[in-house]
Amino acid sequence: MQGQDRPRRLVVAARRGGELIDLAIAQPGDELVVADSPEGRRVLRHSAAHVVAKAITRLWPGTQLGVGPATEDGFFYDVALPGGLRLSDEDLARIEEEAKQIVQADEPFERLDVSLSEARELLRDQVFKREILDRIARGEDELDAAAGATVSLYRTGGDFVDLCRGPHVPRTSSIGALRLLRVSGAYWRGDEHGPQLQRVAGTAFETESALEAWLSQLAEAERRDHRRRGVEQRLFFFPGEIGGGLPVFEPDGAWIRYRLEDFSRRLHFSAGYLPVWTPHVTRGALFELSGHLGWYRESMYPPMELDGQEYFLKPMSCPMHLLAYRQHPRSYRELPLRLFELATVYRYERSGTLHGLARVRALTQDDAHIFCRPDQLADELAGVLDLVQRLFGAFGLEDFDAELSTRPAKSVGSDEDWEFATTAARDALERSGLTYRVAPGEGAFYAPKIDLHLRDAIGRRWQVSTVQVDLQLPQRFELTYQSASNRLERPFMVHRALYGSVERFLAILLEHFDGVLPPWMVRTPVRVLPVAHDATPWAQGVVAALERRGVGAAVVPPDETLGVRLRRARSERVPFIIVVGGRDVEAGTVGLTRPDRTQVRDVPLDAMLEEVVAAVAMPEVG
RNA sequence: GCCCGGGUAGCUCAGUCGGCAGAGCAGCUCACUCGUAAUGAGCAGGUCAGGGGUUCGAGUCCCCUCCCGGGCUCCA
């Protein structure tokens, strides 16, 4: 019977010479692609997108189809309904129902290779498809230029034809499970000045159980959502009166960010960085000089007028740090000079992109700028990468990788400088032992950069640190130093932020640890619950002993049942929960629930103190 | 900014066809004194986001504004 529970692996496509092709034209020797592989799922989801397009066309004849690709874990199809009709959630359910019927009908996907003019004829009512055909005809899409004068269409059942490169699953029944998730707006070709389309997004899996597993993973991510933790643990909130993306931290939340900031300061000062402090507001002249007003103005808060001058909130601190460098003539002996500041900066993020603490309009960067000689550059970059690993290691975060982005097509700076800086970055990466990949042409126009991504407890990747070698600002600010041979030389400058932003890093930590943060970050890491009144004096004694050792602790008296108090302590993510009852009063012991939620009973007071005191100490940075 | 959804008690939400404003949790009072995730009873709590309109009558229907959430790189 077991064999029937586990169906044979379904083959949905084939691969020949690295290229995915339809199963129908597969020959012996081609590699088979199964449905439950990453590639197989892409094919299956792409086919699901077609099925959805067909379903929408059936429900609303005359629908204009845009594009419908597979995405990282699903698919979408962009459509324009006749008469500019907007889709609602109820419509989504109808579309899903219709699509499932098409899947059940087990219609074949049939490929037709036709000439451009035949394609135009077949798709004459589809304005977006005709536009794509025009682009193909003009050879604007490199991939298609090679395809020559024919294009491929896919016929799904007898009554639906769509322009598509393919490949597709052989029959619609290969789509084991399909779910539509949301409808949203999208622009034709991603251009916000172009026509507005409606994006119907969903996902598909080879089996219903695989879909369920994915949905429950989504639910887990939602359960861990840091915005929810923020409310339940009274850490922070976003008052409507202040405005989108501008958080207020309550005492327990502010405590946590202070600890993050203190840890950052300690780490940086121990690594030879020097503090600077710069204001939040500046005359526009500074950002003229830096060039930011030219290319970054859209992301800045608009200016305030004062004494006939324009003042701006700073979106970054680098120009001010450059002034701090320039304030004195510098000798090569002073370099490297590493200037560090935890600076809150203000950026105008578009309202739709704001997301809890992960995307805010007031963010605090652990920002530093390193000014150094060319011969120091590689060492400095390696030093930054070492610091990053020590920083994240202190939180138990060790699963991360780097990305080196090189010179883009449009850039400033000399070929030699780009070459030199990029080589130094690659050298530093090699020395760091980090796994990294190169993203050609993805660098900023003024800098090659190294980005660090970390993977959290439920497998999501987050971009955190960024390191850039700036090839523009030292020149714009005419920075110099006196070299050993008594000449004025231009220093290299490195921008770097390790947390990225304190707010965003806190969001990542909250989701990674499901709210149970490392005890050293928490204001009151211990809560003591006496079982009944007769244990209250002992509970108070335990708290007093903890406080003598500098540990924040509080008693919750037995006015409520133990179950209620435990439940609250857990939902508020108190790292250490101590229960004391008659037995403990007699023996001088406690019952301890640890941050990882393991429990031990009858722990002698001193043993508990030793464990807790060690856990609440800020990690060593050496 | 644009598309979709939402805004009702401190929080989470229900409110049917337009006909007296509801529940759970939290808060307060009282009783209960409990060994690892919700004890019971009572009390109090509202400009139904704001403005305008339709109507005998609007939380509910229409319009405008504000705010919140999701989505908007993926290119046949």
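We use all heavy atoms of the structure for the numbers below, so side chains are in, but hydrogens, waters and symmetry mates are not. Bear in mind the structure is a predicted one, so any value in this text is a computation, not a measurement. So that the names make sense, note that chain A is the first sequence line, chain B the second, and so on, each numbered from 1.
Counting non-hydrogen atoms under 4.0 angstrom, A:Asp559 reaches a base of the nucleic acid. If you check every strand for non-hydrogen atoms under 4.0 Å, A:Gly244 touches sugar and phosphate atoms only. As judged by a 4.0 angstrom heavy-atom cut-off over every strand, A:Asp78 is placed among residues making no nucleic acid contact. Nucleic acid contact for A:Val579: base, since at least one base atom lies under 4.0 Å from a heavy atom of the residue. Note on A:Pro558: a base of the nucleic acid sits closer than 4.0 angstrom, heavy atoms only.
Less than 4.0 Å separates RNA chain B from at least one heavy atom of each of the following residues of residues 560-572 of chain A: A:Glu560, A:Thr561, A:Leu562, A:Gly563, A:Val564, A:Leu566, A:Arg567, A:Arg570.
The pair A:Glu511-A:Arg229 does not meet the salt-bridge criterion, since no charged nitrogen lies less than 4.0 angstrom from a carboxylate oxygen. Electrostatic pairing of A:Arg41 and A:Asp73 does not count as a salt bridge here, judged by no charged N lying under 4.0 Å from a carboxylate O. Between A:Arg583 and A:Asp602, at least one side-chain nitrogen of the basic residue sits less than 4.0 Å from a carboxylate oxygen of the acidic one, meeting the salt-bridge criterion. A salt bridge links A:Asp162 and A:Lys129; the closest N-O separation between the charged side-chain nitrogens and carboxylate oxygens is under 4.0 Å.
Between B:A76, B:G1, B:C74, one nucleotide has an atom nearer to the side chain of A:Arg199 than all others, and that is B:C74. In this structure, of B:C4, B:C74, B:A76, it is B:C74 that holds the atom nearest to the side chain of A:Thr71. Looking at the side chain of A:Thr353, the nearest of the listed nucleotides B:U36, B:C72, B:A76 is B:C72.
Remark: P of B:U73 and CH2 of A:Trp188 are 14 Å apart, rounded to the nearest angstrom. The separation between A:Tyr77 atom OH and B:A76 atom P is 10 Å, rounded to whole Å. Across the protein-nucleic acid pair, A:Gln599 atom CD and B:U36 atom P stand 9 Å apart, rounded to whole Å. At whole-Å resolution of the value, CH2 in A:Trp538 and C1' in B:U33 are 20 Å apart. Spacing between atom CG of A:Leu197 and atom P of B:G71 amounts to 19 Å, rounded to whole angstrom units. Remark: C1' of B:G7 and CZ of A:Phe238 are 18 Å apart, rounded to the nearest angstrom. One can place CZ of A:Arg111 at 11 Å from C1' of B:A76, the figure rounded to the nearest angstrom. Summarising the geometry, the separation between CZ on A:Arg165 and P on B:C74 is reported as 14 Å, rounded to the nearest angstrom.
For B:C66, the paired base is B:G7 (Watson-Crick or G-U wobble, both distances below 3.5 Å). When both distances must be under 3.5 Å, the Watson-Crick or G-U wobble mate of B:C34 does not exist. Base-pair partner of B:A41: B:U29 (Watson-Crick or G-U wobble, both distances under 3.5 Å). Pairing of B:G22, defined by two Watson-Crick or G-U wobble distances under 3.5 Å, is identified with B:C13. Both distances falling under 3.5 Å, in either a Watson-Crick or a G-U wobble arrangement, place B:C61 opposite B:G53.
The side chain to side chain donor-acceptor pair (under 3.5 Å) test applied to A:Glu121 returns A:Arg124, not counting sequence neighbours.
Between A:His355 and B:G70 there is a side-chain N or O to OP1 or OP2 distance below 4.0 Å. For B:G70, one of the phosphate oxygens OP1 or OP2 lies less than 4.0 angstrom from a side-chain nitrogen or oxygen of A:Arg227.
Comparing the P positions of B:A9 and B:C66 gives an interatomic distance of 22 Å, to the nearest angstrom. Here the separation of B:G57 from B:C20, taken at their C1' atoms, is 12 Å to the nearest Å. The same atom, C1', is picked in B:G42 and in B:G59; the two are 29 Å apart, to the nearest Å. Spacing of P atoms, B:U54 relative to B:C13, comes out at 34 Å, to the nearest Å. Comparing the C1' positions of B:C17 and B:A58 gives an interatomic distance of 14 Å, to the nearest angstrom. Between B:G5 and B:C62, the two P atoms lie 12 Å apart (nearest whole Å). Spacing of P atoms, B:G7 relative to B:C48, comes out at 14 Å, to the nearest Å. When the C1' atom is used for both B:G24 and B:A14, the distance is 11 Å, rounded to whole Å.
Both tests hold for A:Arg45 against A:Phe205: distance to the six-membered ring centre under 6.0 Å, angle to the ring axis within 45°.
Counting atom types as modelled, A:Tyr348 pairs no side-chain N or O with a base atom of B:G1 as donor and acceptor under 3.5 Å.
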Salt bridge (charged side-chain N to carboxylate O under 4.0 Å, His left out) between A:Glu503 and A:Arg359, worked out: CA-CA 8 Å; A:Glu503 291 78 8; A:Arg359 190 89 175 213; over 6 Å; no
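For A:Arg16, the CZ atom counts as densely surrounded, since its 6.0 Å shell holds more than 12 non-hydrogen atoms of other residues, nucleotides or ligands.
Taking all atoms of both residues into account, the shortest heavy-atom contact from A:Arg565 to A:Pro557 is CD-O, 3.5 Å.
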Can you give each donor-acceptor pair under 3.5 Å made by side-chain atoms of residues 528-541 of chain A, sequence neighbours left out, with the distance rounded to 0.1 Å?
| from | atom 1 | to | atom 2 | distance (Å) |
| --- | --- | --- | --- | --- |
| A:Thr536 | OG1 | A:His533 | O | 3.2 |
| A:Trp538 | NE1 | A:Thr589 | O | 2.9 |

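Nearest-nucleotide positions on RNA chain B place A:Arg234 closer to the 5' end than the other of A:Gly356 and A:Arg234.
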